[in-house]
Amino acid sequence: MNPLYPGNLLEEPTRDPDWAVWTLAYCQADMPYDFFGGSGPYSNKGVVKIPMIYTLLVGGETGGKKHVALVDCGFGQKKWLDRYAFSGWEDPKTVLGRVGFAPEDVEAILVTHMHFDHMGNFEAFPNARLYVQLDEYTGWLQAVSFARNRKEQEETSWIFSSFDPDDLVRATQGVNNGRVTFLHGDAEVLPGIVAHLAKDTHTFGTQWFEVKTRNGPFCIVGDTVYWYSNVEMPWVPGYNQGNAFQCVYTYDYLRRILKGETRRIIPGHDPLIWERHTAWPSSEGNQIAEVNLGVQESSRRPIRGLR
């Protein structure tokens with residue numbers, strides 16, 4: 001991570017745009033506590049139900065145009081439902097529809113990293129451009145080549161434990177179709193949304209997104225931070241495909257830029273999201289958090305007694 005990197009898309013960050021932020025669960029998973037919280041403080045705690053999420057960003061008006069972006073996009077391949085203990089999976093049309101949007105509305109998918117549950121459903125968003133760090137893409141190219149040369153089986157390979165090589169094929173096709181933008185470090189990707197490279201943390205080129213709003217910044221971090229406790233203790237997760245010390249340094253950087261207000265972080269899989277923000281479950285049990293409302297947005301929270 002290089003917090004001094006000047007950016008590679010716009011010369012000067014835009015400071016005025018405002019964004020509405022909704023975090024949406026698209027399924028749930030039963031996983032060990034220490035997978036997320038760390039093998040020290042959470043060993044022998046058993047299993048916890050965690051949300052699989054993406055975050056919808058609406059706003060950033062420039063010239064009257066409202067932008068619609070998604071941080072991560074979930075997964076769509078059934079093989080992952082069969083491999084791990086997922087439940088309640090729903091398609092993006094259903095999930096986004098709960099807050100009044102459709103997959104066709106999304107113009108940008110801001111990929112925190114290329115694990116299957118964060119970028120595997122890219123093709124469900126026909127009008128979206130995918131933004132990913134070049135370090136992430138090339139890192140997985142090398143890792144897949146290494147695993148294939150060793151003839152590793154996907155079901156038993158650590159390299160493929162959270163990575164779907166089919167996603168690499170689809171991303172490469174997206175490059176060929178002109179739907180992928182590679183980032184080279186920190187950059188403003190949309191007005192008021194700044195990508196920050198956290199190199200060699202969770203994965204090769206993990207990134208997180210600082211979102212400017214009228215109520216202050218929010219950081220949508222994917223698996224840069226699994227749980228709030230990773231930052232607040234700090235303690236790295238039990239499962240990681242990067243450098244643990246780089247993770248700790250990134251946690252410290254997040255705390256400093258947010259002046260200790262860790263509530264402003266939206267972590268990758270923490271059930272506490274629904275407690276720290278205005279939130280409600282859908283009738284199917286997948287939660288919605290209304291993290292921030294832009295000045296022109298009204299609440300999507302249903303009136304009690306109505307669906």
Side-chain angles (χ1 to χ4, degrees), residues 10 13-26 51-74 90 92-112 118 121 124-125 127-131 188-196 207-222 224-225 254 257-258 261-268 270 272-282 286-303 306-307:
L10 297 179
T14 306
R15 305 192 183 280
D16 294 329
D18 187 26
W19 290 87
V21 182
W22 289 278
T23 293
L24 311 167
Y26 66 89
M52 314 298 286
I53 66 171
Y54 32 77
T55 295
L56 181 68
L57 307 174
V58 180
E61 286 86 349
T62 54
K65 175 178 171 54
K66 179 185 293 186
H67 299 283
V68 179
L70 203 62
V71 178
D72 296 330
C73 59
E90 294 181 298
K93 181 178 179 180
T94 300
V95 175
L96 293 181
R98 293 194 176 107
V99 290
F101 293 88
E104 293 77 11
D105 298 327
V106 177
E107 65 183 87
I109 295 175
L110 313 179
V111 177
T112 59
H118 292 261
N121 216 10
F125 302 86
N127 302 316
R129 172 173 290 275
L130 186 144
Y131 292 80
E188 186 176 49
V189 293
L190 288 169
I193 299 179
V194 177
H196 293 268
Q207 62 182 338
W208 52 275
F209 298 92
E210 182 181 0
V211 180
K212 310 283 179 68
T213 80
R214 65 194 174 106
N215 296 313
F218 291 87
C219 294
I220 319 301
V221 300
T224 312
V225 178
L254 282 163
I257 69 167
L258 294 173
E261 293 186 68
T262 55
R263 174 186 170 276
R264 292 184 173 275
I265 297 171
I266 301 300
D270 200 331
L272 288 180
I273 293 171
W274 322 121
E275 297 181 20
R276 297 193 178 189
H277 298 279
T278 299
W280 62 95
S282 70
N286 285 325
Q287 305 93 330
I288 303 100
E290 201 160 73
V291 176
N292 187 70
L293 287 176
V295 68
Q296 296 181 337
E297 297 290 343
S298 59
S299 176
R300 272 36 171 205
R301 186 172 188 174
I303 299 172
L306 298 179
R307 294 186 184 274

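All values below come from the heavy atoms of this structure, side chains included, with hydrogens, waters and symmetry mates left out.
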I want to check something: taking the side chain as every heavy atom from C-beta on, are [X] and [Y] in contact at a cut-off of under 4.5 Å?
{"X": "Ile109", "Y": "Asp72", "result": "no"}
{"X": "Thr94", "Y": "Tyr26", "result": "no"}
{"X": "Val95", "Y": "Tyr54", "result": "yes"}
{"X": "Thr112", "Y": "Phe209", "result": "yes"}
{"X": "Leu96", "Y": "Phe125", "result": "yes"}
{"X": "Asn292", "Y": "Asp18", "result": "yes"}
{"X": "Cys219", "Y": "Ile257", "result": "yes"}
{"X": "His277", "Y": "Val21", "result": "no"}

Taking every non-hydrogen atom, the tightest pair across [X] and [Y]:
{"X": "Ala124", "Y": "Pro103", "answer": "O-CB, 3.3 Å"}
{"X": "Asn121", "Y": "Cys73", "answer": "CB-O, 3.2 Å"}
{"X": "Lys212", "Y": "Trp19", "answer": "O-CD1, 3.2 Å"}
{"X": "Glu290", "Y": "Ser299", "answer": "OE1-OG, 2.7 Å"}
{"X": "Leu190", "Y": "Glu107", "answer": "CD2-OE2, 4.2 Å"}
{"X": "Glu297", "Y": "Val58", "answer": "OE2-CG1, 3.6 Å"}

Is it true that a side-chain atom of Arg264 and a backbone atom of Pro217 form a donor plus acceptor pair closer than 3.5 Å?
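Yes, Arg264 side chain to Pro217 backbone: donor-acceptor pair under 3.5 Å.
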Between the main-chain N or O of Arg276 and the side-chain N or O of Arg263, is there a donor-acceptor pair closer than 3.5 Å?
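Side chain of Arg263 to backbone of Arg276, a donor-acceptor pair under 3.5 Å: yes, one is there.
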How long is the gap from CD1 on Ile53 to NE2 on His118, to the nearest 0.5 Å?
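Taking CD1 in Ile53 and NE2 in His118, the distance rounds to 7.5 Å.
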Going from CD1 on Ile288 to CG on Leu56, what distance comes out if it is rounded to the nearest 0.5 angstrom?
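Ile288 CD1 to Leu56 CG: 12.0 Å, rounded to 0.5 Å.
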What is the ring orientation for Trp22 with Phe101, classed by angle as parallel under 30°, tilted 30 to 60°, or perpendicular over 60°?
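Ring orientation, 0 to 90° scale: tilted.
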